[in-house]
2 protein chains.
Amino acid sequence: MVKSKKDQSPEEKILTAAKKVFLAKGMDGARMQDIADEAGINKALLHYYFRSKEKLFETIFLEVANAFVPKVIKLFEEDTTVFEKIEIFCREYINQIMQTPYVPIFILNEINKQPEAFLKKILTGRNIPVEKFLAQLQKEIKQKIIKPIEPVQLLLNVLSLCLFPFVARPMIQLITGMDKNSFMAVMEQRKKEVPKLIIESIKK
Amino acid sequence: MVKSKKDQSPEEKILTAAKKVFLAKGMDGARMQDIADEAGINKALLHYYFRSKEKLFETIFLEVANAFVPKVIKLFEEDTTVFEKIEIFCREYINQIMQTPYVPIFILNEINKQPEAFLKKILTGRNIPVEKFLAQLQKEIKQKIIKPIEPVQLLLNVLSLCLFPFVARPMIQLITGMDKNSFMAVMEQRKKEVPKLIIESIKK
DNA sequence: GAATGGTTAAAACATATGGTTAAATCAAAA
DNA sequence: TTTTGATTTAACCATATGTTTTAACCATTC
C-alpha cells in the first residue's frame, strides 16, 4: 500500500513529485514549477528543503540510480554455476526493471549529458565486485564447460538483451503497434528467452 | 574530405552546428546561442533561415533519424537466406552506427520525450518493408532450418545487441575504464560476434 | 497567552532565453 | 554608379525560470 499524498511529509511529497517529473522530462526539461505543482506545494518550498534544482536533481538521481543497479549482484558471490548465475541475473534484472521501466533511458541519458565530475561525485563506492565472477568464468572455460569468450562481450550481451527493450520501448511500440501491456507480455517471455539465448551461445 | 567552415554557406554552417549541439545536449538542453556560437554567426540569423528552435530541431531530427535507420533495409528483399540476412544486417548496422555513435541515444531519448504528434508528423512513410522477411522466416521455420521463434523476440535481440552498447557507451566506459578506442575495438569484434550469437541461437 | 522557532506561501528579483526589429552591409542588376 | 534585394548584425523585447525575500502561519514552550 502506497502512502497517499496527504499522509506524506512535504519533503516526501517533493521527492515523489521530483522523481516523477525528472524521470519524464530529464534534468533539462524539468521545471521547478512542474515539480511544485505535482507536489501540490509552493515553489519556494522546494528551495527551503533542497537548496537548488541541482541539489534536488542530485538527490533524485542517486535514488533512481539505485533502482538501476541490479539488486542481485550478491548473486555473483554465491556458490553456483555460471549458467545458473546468468539465468537468475537475467530473470531478476528484467523483473526489477519491469517495475521501473522509465529508469534505464533516464539514467543512460543523464550519464551521457552530465559532466563526468558530477557523476564521479555521485557514483563513488558503487563498483560491483566482479573479480570472483571473472575467476569462475576463466575456470569454467578451462574446464571446457563453456566456450572461450571475452568477458566484456558477455557483459554487453547480457546488459543489451535485458535493458535495451526498455530503452527503446517508445520506438518499439511505435513501429510494432504494441501497447504497454503487449510490450510487458513480451518482456515476461524474455525472462526465459534471454538467459536461454546467452547460455546456448556459450555452452560447449 | 569535409568542407571547411569557411567554404560552407551560412545555412550549411547552421545545420552543422545545430546537429552538433542538439546531438550533445538534446532539444531541451540546447541553446540557440550555443548553436550560433558554434556556427560563428549571429543568433538572429538562425531565425532568418529557420523560423524557430522547434523548426530547426525538426530539420535536424529528420536528418539524424536517417542516420539511425539501417541503410541495409533493402537487404531484406534480396534472395538470400535468413542467416545471411542477419549476418549482413548486424555487420553493416554496427558499422553504420560506429560512424555516428551519438545518434542512437539522441534519437531514443527524443522519441521518449517528444509528444507523439510531433513524431508521427516527422516519421511518416518510413515503415520498413518487413512482410517479405516475415514470410521467409515462417518458411524456413517450417522447413526446420531454424527453430520456431517469435519474430518480435528476434527483432529485439538483433537491435539490442547492435545498438545498446552505443546507448550505454558512457556508462560502459565508466565501469570498465575503457577509452573510446578500446570501446570501438570491442565493437569491431562484435560485428562478427553478434550475428554468430544470433544465428547459433536459432539454428536447428 | 505571549514568545519562539520552524514551516509555508506570495511576491519580487535577476538572469536566461527564444524571438523580433531596424538598420547596416554586400552583391548583383540596371 | 545607382539601385535593389538579399544577407547579416546589434540592440531590443517579452517571457520563462531558478532563486530570494518578506511576511504570514502554526505548533510548541515558557
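Chain identifiers are assigned alphabetically (A, B, ...) following the order of the sequence lines, protein sequences preceding nucleic acid strands; residue numbering begins at 1 within each chain. Only a predicted model underlies this, so the values are computations on that prediction, with no experimental measurement involved.
The separation between A/I14 atom CD1 and D/dG18 atom C1' is 15 Å, rounded to whole Å. Taking atom CG of residue B/L46 and atom P of nucleotide D/dT9, one finds them 10 Å apart after rounding to whole Å. Distance OH (A/Y48) to C1' (D/dC25): 13 Å, rounded to an integer number of Å. The separation between B/H47 atom NE2 and D/dT9 atom C1' is 15 Å, rounded to whole Å. Residue A/M27 contributes atom CE, which lies 12 Å from atom C1' of D/dT17 at whole-angstrom precision. Between the P atom of D/dT17 and the CG atom of A/D37 lies a distance of 12 Å, rounded to the nearest Å. Rounding to whole angstrom units, CE of residue B/M32 and C1' of D/dT9 are separated by 16 Å. Rounded to whole Å, the distance from CD on B/Q33 to P on D/dT9 is 12 Å.
Running 5' to 3' along DNA chain C, contacts with non-hydrogen atoms of chain A at under 4.0 Å begin and end at C/dG6 to C/dA10.
A/A36 comes within 4.0 angstrom of nothing in the nucleic acid, heavy atoms only. Within the nucleic acid shown, B/F50 has no heavy atom closer than 4.0 Å to any nucleic acid atom.
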Worked verdict on B/F106 versus B/Y102 for ring-ring contact (aromatic ring centres under 6.0 Å, His included) = CA-CA 7 Å; B/F106 170 78; B/Y102 301 102; over 10 Å; no
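Residues B/L56 and B/Y49 have side chains not in contact (no heavy-atom distance under 4.5 Å, counting atoms from C-beta outward). Side-chain contact between B/M171 and A/F68: present, with at least one pair of heavy atoms (C-beta onward) separated by less than 4.5 Å.
Within the structure, a side-chain polar atom (N or O) of A/R31 is placed less than 4.0 Å from OP1 or OP2 of D/dG18.
Between A/F133 and A/F76, the ring planes are perpendicular. Angles over 60° get that label, and only those under 30° would be called parallel.
Under the 3.5 Å distance criterion, the side-chain polar atoms of B/K120 are left unmatched by any main-chain donor or acceptor of B/P115. Using modelled atom types, no side-chain atom of A/T100 and backbone atom of A/V103 make a donor-acceptor pair closer than 3.5 Å.
Within 6.0 Å of the NZ atom in B/K55, the count of heavy atoms belonging to other residues, nucleotides or ligands does not exceed 12.
At a cut-off of 3.5 angstrom, counting only N and O atoms as typed in the model, there is no donor on one side facing an acceptor on the other between the side-chain of B/K43 and the base of D/dT9.
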